[in-house]
Amino acid sequence: MKLYNVKLLTITCEILAQENIIEILKKHEITGYTTYEVDGNGARGLRGQGLKTEKNVKVEVIMREEKLQDIVEEISRTLFANYAIVLYVSDVGVLRPEKF
Amino acid sequence: MKLYNVKLLTITCEILAQENIIEILKKHEITGYTTYEVDGNGARGLRGQGLKTEKNVKVEVIMREEKLQDIVEEISRTLFANYAIVLYVSDVGVLRPEKF
Amino acid sequence: MKLYNVKLLTITCEILAQENIIEILKKHEITGYTTYEVDGNGARGLRGQGLKTEKNVKVEVIMREEKLQDIVEEISRTLFANYAIVLYVSDVGVLRPEKF
Amino acid sequence: MEILELIQANLLTPIILFFLFGIIAARIKSDLKIPAAISEFLPIYLLAAIGLHGGIEMRNTGFENMLIPMFVAIGLSLLFTLNHYQILRRLGKFNLFDSYALASTYGAVGAVHFSVGLSFLKNQGVSSEGYIAAILAVLEPLAFILAIFMTNMAVAKQIKTKKQSFSDDSTEIDIGLNQTKTKLSKVLHESITGKAIVILLGSIVIGYIIGKDGFEPIKIVFDDMFTGAIVIFMIEMGIIAGQRLDDIKKVGVFLTAFAIIIPLFNGTIGVLVSTALGLSVGGAVMFGLLMASASFIAAPAVLRHAIPQAKPSLYITSALGITFPFNIIVTLPILFTLSTFLHSGEGAIDLFNFITEGF
Amino acid sequence: MEILELIQANLLTPIILFFLFGIIAARIKSDLKIPAAISEFLPIYLLAAIGLHGGIEMRNTGFENMLIPMFVAIGLSLLFTLNHYQILRRLGKFNLFDSYALASTYGAVGAVHFSVGLSFLKNQGVSSEGYIAAILAVLEPLAFILAIFMTNMAVAKQIKTKKQSFSDDSTEIDIGLNQTKTKLSKVLHESITGKAIVILLGSIVIGYIIGKDGFEPIKIVFDDMFTGAIVIFMIEMGIIAGQRLDDIKKVGVFLTAFAIIIPLFNGTIGVLVSTALGLSVGGAVMFGLLMASASFIAAPAVLRHAIPQAKPSLYITSALGITFPFNIIVTLPILFTLSTFLHSGEGAIDLFNFITEGF
Amino acid sequence: MEILELIQANLLTPIILFFLFGIIAARIKSDLKIPAAISEFLPIYLLAAIGLHGGIEMRNTGFENMLIPMFVAIGLSLLFTLNHYQILRRLGKFNLFDSYALASTYGAVGAVHFSVGLSFLKNQGVSSEGYIAAILAVLEPLAFILAIFMTNMAVAKQIKTKKQSFSDDSTEIDIGLNQTKTKLSKVLHESITGKAIVILLGSIVIGYIIGKDGFEPIKIVFDDMFTGAIVIFMIEMGIIAGQRLDDIKKVGVFLTAFAIIIPLFNGTIGVLVSTALGLSVGGAVMFGLLMASASFIAAPAVLRHAIPQAKPSLYITSALGITFPFNIIVTLPILFTLSTFLHSGEGAIDLFNFITEGF
Ligand SMILES: Nc1ncnc2c1ncn2[C@@H]1O[C@H](COP(=O)(O)O)[C@@H](O)[C@H]1O
Ligand SMILES: Nc1ncnc2c1ncn2[C@@H]1O[C@H](COP(=O)(O)O)[C@@H](O)[C@H]1O
Ligand SMILES: Nc1ncnc2c1ncn2[C@@H]1O[C@H](COP(=O)(O)O)[C@@H](O)[C@H]1O
Ligand code: NA
Ligand code: NA
Ligand code: NA
């Protein structure tokens with residue numbers, strides 16, 4: 001079974017920015033992603049205690065390298081200033097590259 | 001502290017396929033894994049709203065490269081056709097390779 | 001957008017060791033991390049059923065390579081013997097390396 | 001018309017209204033939802049309450065008379081399941097897997113249906129035989145087991161046919177057959193140890209042991225709060241049903257008709273037969289409702305493993321999105337009217353004639 | 001003094017005591033917390049209970065008289081929001097974004113406030129007009145929509161000014177204006193389909209339909225348990241408020257004063273106006289409390305999207321950490337005393353003079 | 001025999017039956033479980049209810065008489081803890097860490113035990129002194145603190161001995177001693193701010209302040225629903241206990257015997273002493289049950305940090321898998337019979353003789 005190289009983009013951000021991110025993904029024609037709620041600490045302090053709106057969420061997206069650049073650029077341009085957010089990219093191997 | 005290269009297999013799938021995956025792991029004599037519930041979107045549509053059985057789960061398994069091939073092959077053969085599932089492999093470094 | 005190489009340290013451990021880990025991070029002047037509860041199986045058996053204190057947690061820390069060595073060393077020295085714990089390191093790319 | 005009035009009265013109860021409200025909330029894409037922990041807990045609570053109630057009743061009224069209705073219910077369920085399969089496969093042209101999955105979804109019983117039925121009767125001031133909770137427990141896994149057995153038989157036959165043509169591949173086929181057996185025994189175990197049955201049976205036994213007096217200290221939680229708890233659960237059920245309304249297009253006209261006609265038919269048969277067996281007005285309604293009900297909580301969990309080739313969007317959507325609303329809004333009042341009529345003077349005579357002629 | 005006594009009596013009710021307890025628990029860094037699923041469920045439950053109660057009352061008393069108070073409430077809310085903005089921007093020197101966000105947080109209404117108010121009145125044996133629940137529902141999104149509209153207008157103006165200086169960048173600016181419009185219509189949709197409004201309006205309608213009789217089977221859950229449920233919710237609210245007390249330093253003296261004076265002022269106006277409109281003692285208290293309340297559950301969800309440039313630490317901390325405790329401990333008894341006084345013989349005369357002179 | 005009858009009657013209450021049911025559900029590997037959010041919330045709720053109840057009682061009866069029982073309870077707990085250690089280390093040959101961990105698990109008290117005891121008494125129509133809830137709160141951290149202190153002393157001594165042999169490593173040892181001190185003060189803080197104590201003490205104070213009248217509006221939630229809530233919690237406790245039954249093999253014969261004999265012994269002493277101190281029938285039962293109880297919710301959270309070298313599979317399994325079922329099924333009725341006997345005419349005389357001779 002051959003593994004094909006693609007990119008995994010992981011975004012950890014406050015839960016209220018999740019919608020914005022998914023919209024950006026949609027704009028770039030990406031409809032596959034995985035999300036889950038997490039707690040966290042960072043420049044904007046402890047998050048995840050108390051109100052649900054104060055939680056963080058992780059959004060993970062497997063995508064081809066071609067799309068990565070634009071998406072990362074748009075996220076950083078529109079969201080970095082106002083939201084608690086951290087983003088990183090890693091290399092992963094998948095079986096069915098046509099899915100992404 | 002030396003880090004030894006091993007593989008991290010991550011499977012995101014509908015929760016009802018979790019048992020099948022863990023059985024496959026057991027068959028290949030792997031008993032260490034981590035699981036957690038996630039939401040997701042993909043070819044089979046939005047998952048994670050509504051009934052618990054409609055959730056996704058992530059299964060993460062650190063393993064040696066030797067076993068990876070067979071396990072990936074069995075999962076893709078038995079589960080890809082009927083279940084919502086995505087699988088990827090990445091490289092990680094661990095301290096105690098004998099644990100895996 | 002240039003991506004800078006940093007390390008992602010992921011620790012999966014029993015929930016009661018979370019505090020110890022965060023203290024070690026603090027000692028090394030790391031205040032950014034992400035945590036979430038997970039279930040798991042390993043050398044210390046199935047974890048995550050029953051009492052909350054029997055759960056596992058994942059702690060993910062993006063950091064520069066310089067700090068990694070010391071932190072990994074301290075965690076393994078102080079926690080490996082008495083706690084259910086697994087730790088791995090991977091390479092990731094970030095946009096704002098000065099954040100970490 | 002009496003039935004229409006009853007349907008209307010039923011429509012205006014909190015249970016139905018909050019269900020409809022949930023549907024609307026989902027349709028306007030509201031972010032309203034009941035947290036998962038609550039909506040996972042509520043079925044456990046409802047089943048415990050149903051079981052305790054049933055067990056206490058059985059202690060009062062005995063359960064000697066339970067055996068015949070139980071076996072009749074089993075027989076009917078199996079017959080219905082086979083009947084559904086024929087209809088779906090022959091008339092509906094569904095593939096083997098979808099046909100069996102749907103057949104058993106409608107042959108199986110639904111605990112939420114049962115809760116709503118109990119509440120409906122309570123509202124009408126009518127009681128029912130406690131042992132029907134036990135019938136619910138026994139029927140729960142039945143249709144699934146039948147469907148899985150049949151599917152596996154069918155698959156095995158297919159494989160055997162293949163085997164005869166390509167006789168070199170025999171080991172793989174044997175493995176296939178073995179896997180089928182393992183799967184069946186696993187599903188059997190899973191069904192019987194499934195949380196719904198376990199909590200229901202356990203509560204029946206406990207209710208039987210403790211009786212009315214022992215129940216007193218927990219009555220407020222497990223009886224007085226029952227209808228309120230259903231109302232909360234119905235909000236979530238409404239939301240989930242509402243989210244699935246879009247999928248009804250995929251379900252198609254045939255299955256939509258099936259999802260309405262079959263419950264009415266099965267339910268009517270259920271009321272007739274159970275009345276003939278001597279069940280009370282309320283008992284016959286609950287019996288009929290069991291026959292009319294389709295499973296949408298247990299079904300996905302069992303069928304996804306047992307017949308993974310079947311499309312869950314078909315069986316969940318039709319059971320939860322069409323049959324459940326139809327049953328609690330329309331079928332339930334109809335069955336009640338029917339049962340009342342049959343148990344009233346004239347109805348009883350009619351039924352007597354019907355039965356004697358029928359057999 | 002009567003007010004002090006009432007404040008003291010109110011202070012010693014379980015609701016206030018458990019809130020203070022939560023604050024203390026957070027301050028001593030206890031790990032006590034109410035699990036998220038419970039504290040997410042409780043507001044839904046409270047709003048459903050409020051709505052049902054309001055709907056049933058409206059059925060009893062009619063809702064013809066509701067329109068004038070409703071429109072007056074809307075008018076007052078909008079006036080207050082604009083007034084807050086002026087104070088914050090001019091006197092407080094907050095930036096545009098923070099000013100609008102804070103203005104609307106205090107122009108908006110709080111469902112938890114409302115729950116506590118209802119419980120307080122219940123305790124005093126005083127009832128209130130059911131339609132105030134409907135006013136709560138209508139006011140909920142109002143101040144936000146105004147604030148967002150104003151913010152977007154202001155931003156658009158800024159952009160236009162820029163446009164005139166650098167006339168080459170026009171496409172980007174047009175995009176910006178379009179985005180603003182999209183955002184406004186999205187926020188509007190989100191507000192109206194927000195879970196709080198949806199469950200509240202839905203429950204009012206259902207309460208109206210089912211009436212007292214239909215409510216009977218669910219009364220234990222949606223009425224008798226109401227105060228107990230608030231108590232549990234207040235523990236969590238206390239914990240969250242306690243965790244934010246450190247942030248009060250960041251809030252500053254000006255905003256702290258604002259967070260105390262404005263609710264008192266708005267609440268007093270609310271009681272006076274609603275009494276003049278003929279509302280009952282309890283109704284005027286609830287009307288005043290709505291005016292006095294600030295939103296700390298809905299606000300972050302709406303404002304974070306709509307005015308992301310505003311600092312949530314400002315508006316959440318002041319609303320939850322300062323205004324809410326102050327309102328339920330001090331403002332509520334004051335408004336009650338005021339309303340009682342106005343509705344008693346002399347008060348009524350005074351008010352009559354006050355009003356006739358006032359206009 | 002009277003005791004056997006009482007044990008049997010107790011066995012057939014919903015609390016015990018649902019606990020046993022949970023065990024069975026776990027043994028047959030059912031997927032039944034109470035969602036985590038619910039089972040995390042229930043102990044908080046139970047402790048709040050216990051505390052409120054205790055506080056209200058203390059207001060009625062005063063708490064002047066509370067001091068002596070409190071100090072005696074503290075003294076007994078410390079004595080018992082040391083006694084457990086000796087037995088476990090000398091006779092049981094457990095290592096230092098496991099010995100201290102187990103000693104304090106059994107020296108500590110269990111809130112679930114307490115809840116079941118209160119329900120048992122309610123069922124018997126017997127009341128108990130409200131201040132015992134306060135004793136529960138004070139005892140909760142006590143045994144842990146003692147055990148941790150002793151463990152750290154022992155470890156420090158070991159290190160010192162090492163120091164004398166290898167005198168070059170002294171800095172590392174000083175660091176070790178310092179770490180020990182930090183740990184102790186941290187555990188102390190954690191124990192006292194632990195959620196169980198905080199909610200219990202808070203509720204006692206609130207109960208005392210509000211009294212019976214202030215409790216009225218929340219009585220349905222915090223009193224009437226109490227037993228029903230325990231029943232739900234006991235299902236989960238049963239499931240967890242059932243999952244641990246396999247581990248009992250690892251626990252060994254010695255610890256199994258210890259887990260049965262020690263509670264009986266400690267509980268008996270508790271009833272005798274508290275009766276001598278003048279507590280009522282019910283009060284002596286609750287006092288004895290506190291002494292008999294072992295901690296299985298607080299213990300893992302505290303001991304895992306404080307004595308990480310100890311094996312949690314030992315102390316959790318024995319406390320939850322053996323002692324808890326034994327106590328609520330067998331010890332509780334025995335203590336009740338004993339207390340009733342001692343408080344009846346003859347018992348009182350016997351006890352008087354016993355005490356006067358004993359000292
Ligand atoms: N160094 C880090 N490693 C892992 N996660 C981080 C790190 N820094 C921040 N985060 C996550 O990103 C969220 C937002 O970060 P920030 O914007 O720095 O407050 C935090 O709440 C954490 O969940
Ligand atoms: N591109 C993707 N990136 C990350 N997760 C994905 C992606 N596509 C699908 N998934 C996850 O895998 C699940 C099953 O995918 P699918 O079989 O495509 O419906 C989804 O529900 C997501 O949780
Ligand atoms: N091979 C593995 N792959 C992924 N996670 C693992 C693996 N082994 C252990 N874990 C996780 O680490 C936790 C502690 O492991 P252990 O100390 O081996 O019991 C387990 O409960 C799992 O959550
Ligand atoms: Na059926
Ligand atoms: Na307001
Ligand atoms: Na003890």
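Fair warning: this is a prediction, and the values are worked out from it, not measured in the lab. A note on names: the letters A, B, ... follow the listed sequences, proteins ahead of strands, and every chain is numbered from 1.
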> Hey, which residues of residues 215-226 of chain E are touching chain D, say heavy atoms under 4.5 Å apart?
Replying inline: Pro217(E), Ile218(E), Ile220(E), Val221(E), Phe222(E), Met225(E)
>> Give me the atom names and distance for the closest heavy-atom approach of Val198(E) to Phe21(D).
In response: O-CE1, 3.2 Å
> Do side-chain atoms of Thr193(E) reach the backbone of Ser30(D) as a donor and acceptor pair under 3.5 angstrom?
Replying inline: no
> Hey, which of Leu32(D), Val231(D), Thr13(D) has the most heavy atom pairs under 4.5 Å with chain E?
Replying inline: Leu32(D)
> Using a cut-off of under 4.5 Å for heavy-atom pairs, which of Asn123(D), Ile28(D), Ile34(D) has the most such pairs with chain E?
Replying inline: Ile28(D)
> Does the side chain of Ile44(E) reach to within under 4.5 Å of the side chain of Ile235(D), using non-hydrogen atoms?
Replying inline: no
> Measuring from Ile210(E):CD1 to Phe18(D):CZ, what's the distance to the nearest 0.5 Å?
Replying inline: 7.0 Å
> Quick check: are there more than 12 heavy atoms from other residues, nucleotides or ligands sitting under 6.0 Å from NE2 of His113(E)?
Replying inline: yes
> So, for Pro35(D) and Ala37(E), which heavy atoms are closest and what is the spacing to 0.1 Å?
Replying inline: CG-O, 3.4 Å
>> What residues of residues 305-314 of chain E make heavy-atom contacts with chain D at a cutoff under 4.5 angstrom?
In response: none
>> Heavy-atom count check: over 12 atoms from other residues, nucleotides or ligands less than 6.0 Å from Phe326(D) CZ?
In response: yes
> Measuring heavy-atom distances to chain D, does Ile197(E) have an atom under 4.5 Å in its side chain, in its backbone, in both, or in neither?
Replying inline: neither
> Taking atom CG of Asp213(E) and atom CG of Leu12(D), what is their separation to the nearest 0.5 Å?
Replying inline: 12.5 Å
>> To the closest 0.5 Å, what do you measure between CG (Leu20(D)) and CD1 (Ile206(E))?
In response: 8.0 Å
> Checking heavy atoms, do the side chain of Ile15(D), its backbone, both or neither come under 4.5 Å from chain E?
Replying inline: neither
> Quick one: what part of Lys122(D) sits under 4.5 Å from any heavy atom of chain E, side chain, backbone, both or neither?
Replying inline: neither
